[in-house]
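Below is one structure, written out as structure tokens; the observations come after it.
All chains are named by letter (A, B, ...) in the order of the sequence lines, taking the proteins before the strands, and each is independently numbered beginning at 1. Keep in mind the model is a prediction, meaning the values are calculated, not measured.
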Protein chains: 2
Amino acid sequence: MSSLDDRSKVAIVEAASLSYPVGARRELQTEGQAIRSPLLLLNGWAARVRVLHDGRRQFISFVLPGDIMGHYTYPDPVATSTVVALTDVQVCPLPDSTELPDLERAYSISGALDEACLVAQIIRLGRFTARERILDLIIELFERLSLAGLVEGNSFAFPLTQEITADALGLTSVHVNRMVQQSRRIGELCWIAGQITLPDLPSLRSAIDRSTTTVRPWSALPPMPVAPSRN
Amino acid sequence: MSSLDDRSKVAIVEAASLSYPVGARRELQTEGQAIRSPLLLLNGWAARVRVLHDGRRQFISFVLPGDIMGHYTYPDPVATSTVVALTDVQVCPLPDSTELPDLERAYSISGALDEACLVAQIIRLGRFTARERILDLIIELFERLSLAGLVEGNSFAFPLTQEITADALGLTSVHVNRMVQQSRRIGELCWIAGQITLPDLPSLRSAIDRSTTTVRPWSALPPMPVAPSRN
DNA sequence: CGCTGGTTTGATCTTTCTCAAGCCGTGTGG
DNA sequence: CCACACGGCTTGAGAAAGATCAAACCAGCG
């Protein structure tokens with residue numbers, strides 16, 4: 001739980017009041033384009049993605065509620081990758097942090113977490129087997145969603161198709177499917193109808209080598225700034 | 001070529017005067033440990049690396065002369081990954097940028113470039129074939145070294161073993177070896193005795209889909225702050 | 001001269017991909 | 001209410017990329 005001073009909180013609530021919806025599959029940011037304003041994702045899932053000339057597609061990272069996109073601190077920043085909405089989402093302009101050291105710090109921490117996710121993704125793609133990649137990604141998302149207050153017990157809404165999961169993990173959807181089925185049979189993973197349940201997270205976590213990849217409990221922003229359920 | 005004001009240049013020269021050597025295989029930074037001071041690499045090659053419990057190893061990114069490590073802007077930063085010297089290196093403390101907006105900007109840009117390299121690495125590992133991974137990495141290093149003034153014509157010193165290259169690319173050294181030999185036979189790559197020559201960079205570059213992965217010509221710091229040859 | 005670290009080669013095995021088809025649930029128009 | 005089109009999931013058979021294991025080679029070096 002990050003502690004923000006009142007002025008920062010006000011700034012966030014104010015920004016959230018300017019939120020607007022963006023439909024699934026729409027681009028929130030386009031690679032190579034100047035960034036008008038950095039964004040804060042309030043609701044839904046998005047992802048950074050790159051598509052190669054021959055159609056191969058790689059998702060770089062996922063953007064979850066509470067995450068920020070396009071926040072760079074040098075002048076005239078340019079988006080380094082396309083960000084696409086995976087579901088219908090709600091976004092708002094990121095409140096300016098000048099004069100608000102608490103926000104500044106929160107953004108800085110958020111950036112460090114982002115980087116940690118990129119590193120985790122590199123480890124997955126470079127040295128994990130298909131099974132490990134799938135489970136590790138799911139655990140990571142579980143933990144991040146958990147910080148955002150979007151996990152109920154040991155299950156959470158998982159809006160990704162197997163195809164998208166495959167394109168995030170450097171696999172084919174066919175292979176993801178087979179591995180998931182295997183995990184289902186063992187009972188280590190329950191993934192039905194856009195809902196994932198992890199019956200035994202601790203044992204899963206120790207089965208996969210997540211070493212220091214663990215998301216630390218320094219949340220960048222208060223869980224779900226404008227969530228309907230809490231506050 | 002970044003333009004720094006005089007005070008910033010002085011700060012760098014001053015820091016460089018505090019440089020010290022670190023032997024190959026020594027750790028410059030240890031994952032999970034508090035960062036005393038961020039560092040500037042003046043000479044030699046280093047790499048961010050993670051080793052899994054069962055010994056699998058993945059290099060995350062390479063640190064080249066002029067690059068910085070451990071520069072985080074939140075209080076009490078912790079190293080998110082181990083940085084190890086791949087060759088004998090020369091490092092110095094990174095000059096503090098408070099009160100020096102030019103330096104501040106340079107660091108910020110350097111951070112953005114770092115991120116771009118992580119993204120490039122994700123694309124390589126996720127969607128490139130072995131041949132593409134090797135050539136793409138070599139091209140990236142070529143371009144980065146080029147900005148640092150470490151490329152002569154179309155060749156440069158390449159101190160990595162095939163084993164390390166493999167551990168950077170999510171491959172085995174055996175397979176790297178075979179692919180490299182193939183590239184050698186075609187004449188697209190000449191890699192002998194720690195020296196790489198790219199006879200036809202443009203055609204190579206178009207053969208590999210490096211799309212927007214291209215390193216932009218905003219160099220973070222003046223090429224080789226204290227290089228012996230220039231200045 | 002014999003180590004040592006790095007490269008090369010061969011044979012075989014495994015993981016993952018490719019292609020192709022079938023299935024299932026949902027939504028839509030007749 | 002049915003038909004059928006669509007997106008996503010599932011299954012099978014065969015192919016390919018890359019891993020594994022093991023050994024030989026080769027240069028520099030103490």
Measure CD/A:Q182 against C1'/C:dT16 and give the value in whole Å, please. 13 Å
B:T165 side chain to B:Q162 side chain, donor-acceptor N/O pair below 3.5 angstrom: no
Correct closest heavy-atom pair for B:P65 and B:L150 would be CG-CD1, 3.6 Å
Working to the nearest 0.5 angstrom, can you tell me the gap between B:C117 SG and B:R144 CZ? 4.5 Å
Please report the distance, rounded to the nearest Å, between NE2 in B:H175 and C1' in C:dG10. 15 Å
A:G170 near the nucleic acid: base, sugar-phosphate alone, or nothing, with a heavy-atom cut-off under 4.0 Å? sugar-phosphate
In whole angstroms, how far is the C1' atom of C:dG5 from the CG atom of B:L86? 16 Å
Given atom CZ of B:R133 and atom P of D:dA17, what is their separation to the nearest angstrom? 13 Å
Drop me the distance from B:L125's CG to B:L137's CG, to the nearest 0.5 angstrom. 9.5 Å
Protein-nucleotide distance (B:L171, atom CG; C:dT15, atom P), rounded to Å: 17 Å
Please find the pair of heavy atoms, one from B:P199 and one from B:E188, that lie closest to each other, and give the distance. CD-O, 3.5 Å
Would you name the heavy atoms of B:S37 and B:P93 that are closest together and state the gap between them? OG-CB, 3.7 Å
Roughly how many Å is it from CE in B:M179 to P in C:dT7, rounded to a whole number? 16 Å
For a side-chain contact (heavy atoms from CB on, under 4.5 Å) with B:P159, tell me which candidate from B:D88, B:T87, B:I164 qualifies. B:T87
Just to verify, which of A:R205, A:Q121, A:R131, A:R210 counts as forming a side chain to side chain donor-acceptor pair (under 3.5 Å) with A:D136? A:R210
Interatomic distance where CD1 belongs to B:I192 and P belongs to C:dG6 [whole Å]: 19 Å
To the nearest 0.5 Å, how far apart are CG in B:D167 and CZ in B:R50? 14.5 Å
Measure CG/B:D54 against P/D:dT20 and give the value in whole Å, please. 11 Å
Restricting to nitrogen or oxygen on both sides, can you table the protein-nucleotides 7-11 of chain D pairs closer than 3.5 Å?
unit_1, atom_1, unit_2, atom_2, d
D:dC9, OP2, A:Q162, N, 3.0
D:dT10, OP1, A:R184, NH2, 3.0
D:dT10, OP2, A:Q162, NE2, 3.1
D:dT10, OP2, A:N177, ND2, 2.5
D:dT10, OP2, A:R184, NH2, 3.1
D:dT10, O5', A:N177, ND2, 3.3
D:dT11, OP2, A:Q181, OE1, 2.1
D:dT11, OP2, A:Q181, NE2, 3.2

Using rotation axes that map the C1' atoms of four end pairs onto the next four (five pairs an end), what angle separates the end axes of the helix from C:dC1-D:dG30 to C:dA21-D:dT10, to 10°? 30°
